[in-house]
Student: 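Following this message is one structure expressed as structure tokens.
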Amino acid sequence: MKTHTAGFLGVCIMSYTYIDLYNMGRKKLKFIGDDSAFDARELLLFAADIPLNKYIALAGQEAPYSVCEKYKELIKKRSERVPLQQLMGRCDFFGYEFKINEDVLIPRIDTETVIETCLDAAEKSGKNHLKILDLCTGSGCIGITLFLELKKMGIEPDLTLSDISEKALIVAKENASHLGVDAKIEKSDLFCSLNGSYDMIVSNPPYIKSDEIEGLMPEVFRHEPHLALDGGADGLLFYRKIFKDIGSYLVHGGVFITEIGYDEGESLIKLYKNNGFSDVKIIKDLSGNDRVAFGKADR
């Protein structure tokens, strides 16, 4: 039996079924777009700490007061455009669950194209041991995923995760530990504090043009770290910095694979070729946009 209340986002002095909560959450989030139903459902599952099949079984039953209160707060924050993944503190990437927070970028499906490109290059190398550097690692999702997938292929990875942000490296270290990955963690401004050479350097550096950041979705502009987004006036600042030194950190025949902006393909081809790389190519993501640049070091 329900009692009266002033409103869903007010104090929960009313009993709600799980389906009531979902419908009210979806209505509250309707303005954010097509993902509102998905977000409302995922946040309810998170608030109740139950899987989808249990929610279906419980849909018509009264939800505990604690679930109502937690869900109410989550919906309020999501309506303020805090990203879903930050609210839940986790994100799925390439079939693995990564911890994320406001100190790192949220892994996106487009970046899975980077993983596929790296795995293809690893297989073609014919090597059974690869020394890998994940530069600007953030959450560690690229390097850690590579480590796990290469292991499945019978290739032994020697992985270094590097970032200028100490807060990001804390997240990367936790993700490596959680997923059972043995990785070196290095605080470094690009190559400044790094030594040795690598068979593969992979990176997702900042590449958004500075004057375009304010125009990004509120979830990104307000809640993701600008340090990991801002690529300078033309978006190419960090690529130029990387190419300035990368020759000293790749073995002969080593590869550099990086995520790029959808309109940066031609510029990256020139940077690769002007810095002694061969077999240069641009790989598109599932949406058909330029997403990954690849090149092999010939020097």
Side-chain angles (χ1 to χ4, degrees), residues 1-113 115 138-141 144-145 148 171 174-175 177-180 216-224 285-287:
M1 177 70 67
K2 297 180 180 179
T3 57
H4 294 286
T5 183
F8 172 55
L9 292 186
V11 177
C12 277
I13 57 172
M14 181 177 186
S15 62
Y16 294 105
T17 65
Y18 284 93
I19 195 68
D20 286 336
L21 290 175
Y22 165 71
N23 286 331
M24 288 184 287
R26 182 179 60 177
K27 183 177 180 181
K28 181 68 178 177
L29 298 180
K30 188 176 181 180
F31 77 97
I32 70 173
D34 295 339
D35 291 335
S36 59
F38 176 82
D39 288 6
R41 187 194 72 189
E42 290 300 299
L43 289 175
L44 181 53
L45 298 179
F46 178 68
D49 192 23
I50 55 175
L52 179 59
N53 60 349
K54 187 170 183 180
Y55 161 72
I56 293 172
L58 295 175
Q61 296 185 27
E62 182 179 326
Y65 174 82
S66 59
V67 171
C68 172
E69 284 292 289
K70 185 173 182 179
Y71 187 59
K72 177 190 71 174
E73 184 62 23
L74 289 168
I75 291 295
K76 179 177 182 294
K77 289 180 178 178
R78 185 68 188 98
S79 72
E80 294 167 353
R81 309 304 289 265
V82 178
L84 175 71
Q85 297 88 343
Q86 285 186 9
L87 290 173
M88 298 193 300
R90 63 176 188 250
C91 182
D92 290 333
F93 179 76
F94 216 85
Y96 301 103
E97 184 178 284
F98 287 87
K99 172 185 176 177
I100 63 101
N101 59 25
E102 67 278 2
D103 298 318
V104 298
L105 292 183
I106 297 168
R108 289 169 170 80
I109 192 168
D110 292 341
T111 303
E112 294 190 356
T113 307
I115 302 296
S139 67
C141 67
I144 291 169
T145 299
L148 295 167
V171 177
E174 290 183 6
N175 281 324
S177 176
H178 170 68
L179 289 166
L216 297 173
M217 293 175 59
E219 285 84 348
V220 179
F221 171 63
R222 295 180 194 167
H223 300 287
E224 296 201 61
D285 60 27
L286 291 175
S287 299

Student: Can you tell me how far NZ of K99 sits from NE2 of H178, rounded to the nearest 0.5 angstrom?
Tutor: 11.0 Å

Student: Please round to the nearest 0.5 Å and tell me the distance separating atom OH of Y22 and atom CD of E42.
Tutor: 10.5 Å

Student: Do S36 side-chain atoms and I32 backbone N/O form a donor-acceptor pair below 3.5 Å?
Tutor: no

Student: Kindly determine whether L179 and F98 satisfy side chain to side chain contact (heavy atoms under 4.5 Å, CB included), including the steps that lead there.
Tutor: CA-CA 9 Å; L179 289 166; F98 287 87; 3.7 Å; yes

Student: Which pair of heavy atoms, one from L58 and one from Y18, lies closest together, and at what distance?
Tutor: O-CD1, 3.3 Å

Student: Quick one: does V82's side chain get under 4.5 Å of R222's, heavy atoms only?
Tutor: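 Answer no - side chains too far apart.
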
Student: Does a side-chain N-to-carboxylate-O contact under 4.0 Å join E102 and K77?
Tutor: no

Student: Could you state the interatomic distance from CD (E80) to CD1 (I75), rounded to the nearest 0.5 Å?
Tutor: 11.5 Å

Student: Is there a side-chain contact between E112 and L286 in this structure, where contact means two heavy atoms from C-beta onward sitting under 4.5 Å apart?
Tutor: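 E112 vs L286: side chains apart.
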
Student: Spell out, as yes or no, whether a donor-acceptor pair under 3.5 Å connects the side chain of S177 to the backbone of E174.
Tutor: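 No: the side chain of S177 does not pair with the backbone of E174.
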
Student: Please determine whether the number of non-hydrogen atoms from other residues, nucleotides or ligands lying under 6.0 Å from atom CG of L216 exceeds 12.
Tutor: yes

Student: Is it the case that the side chain of Q86 and the backbone of H223 share a donor-acceptor pair, with hydrogens and angles ignored and the cut-off at 3.5 Å?
Tutor: yes

Student: Quick one, Y96 and I144 - any side-chain contact, counting heavy atoms below 4.5 Å?
Tutor: no

Student: Do you know the tightest heavy-atom contact between A40 and G25?
Tutor: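 That closest heavy-atom pairing would be CB-C, 3.8 Å.
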
Student: Do F94 and T111 come close enough that some side-chain heavy atom pair is under 4.5 Å?
Tutor: no

Student: Say you draw a straight line from CG of D35 to CZ of R41; how long is it, rounded to the nearest 0.5 Å?
Tutor: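 Those atoms lie 11.5 Å apart.
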
Student: State plainly whether the residues K72 and E69 are in salt-bridge range, i.e. N to O under 4.0 Å.
Tutor: yes

Student: Is there a side chain to side chain contact (heavy atoms under 4.5 Å, CB included) between Y16 and V67? Walk through the geometry before answering.
Tutor: CA-CA 10 Å; Y16 294 105; V67 171; over 6 Å; no

Student: Is I100 close to P107 at the side-chain level, that is, under 4.5 Å between some pair of heavy atoms?
Tutor: yes

Student: Please report the shortest heavy-atom distance between F93 and R108, naming the atom on each side.
Tutor: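 What the structure gives for the nearest pair is CE1-O, 3.6 Å.
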
Student: Restricting to non-hydrogen atoms, name the atom on G60 and the atom on T17 that form the minimum distance, rounded to 0.1 Å.
Tutor: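 Closest heavy-atom pair between G60 and T17: O-CG2, 3.3 Å.
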
Student: Would you say E224's side chain and I106's backbone share a donor-acceptor pair under 3.5 angstrom?
Tutor: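 Indeed, once roles are kept as given, a pair shorter than 3.5 Å links the two residues.
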
Student: Closest heavy-atom contact between E219 and P83?
Tutor: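 Result for this residue pair: O-CG, 3.6 Å.
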
Student: Give me the atom names and distance for the closest heavy-atom approach of Y71 to L44.
Tutor: CE1-N, 3.3 Å

Student: What's the separation between atom CG in D39 and atom CE in M88, rounded to the nearest 0.5 Å?
Tutor: 8.0 Å

Student: I'd like to know if the side chain of N175 reaches the main chain of S139, judged simply by a donor and an acceptor atom lying under 3.5 Å from each other, with no hydrogens or angles considered.
Tutor: yes

Student: Are there more than 12 heavy atoms of other residues, nucleotides or ligands under 6.0 Å from atom CG of N53?
Tutor: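 Count over threshold, so yes.
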
Student: Are side-chain heavy atoms of F46 and L87 found at a separation under 4.5 Å?
Tutor: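 When only atoms from C-beta onward are counted, L87 and F46 do not touch, as no gap falls below 4.5 Å.
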
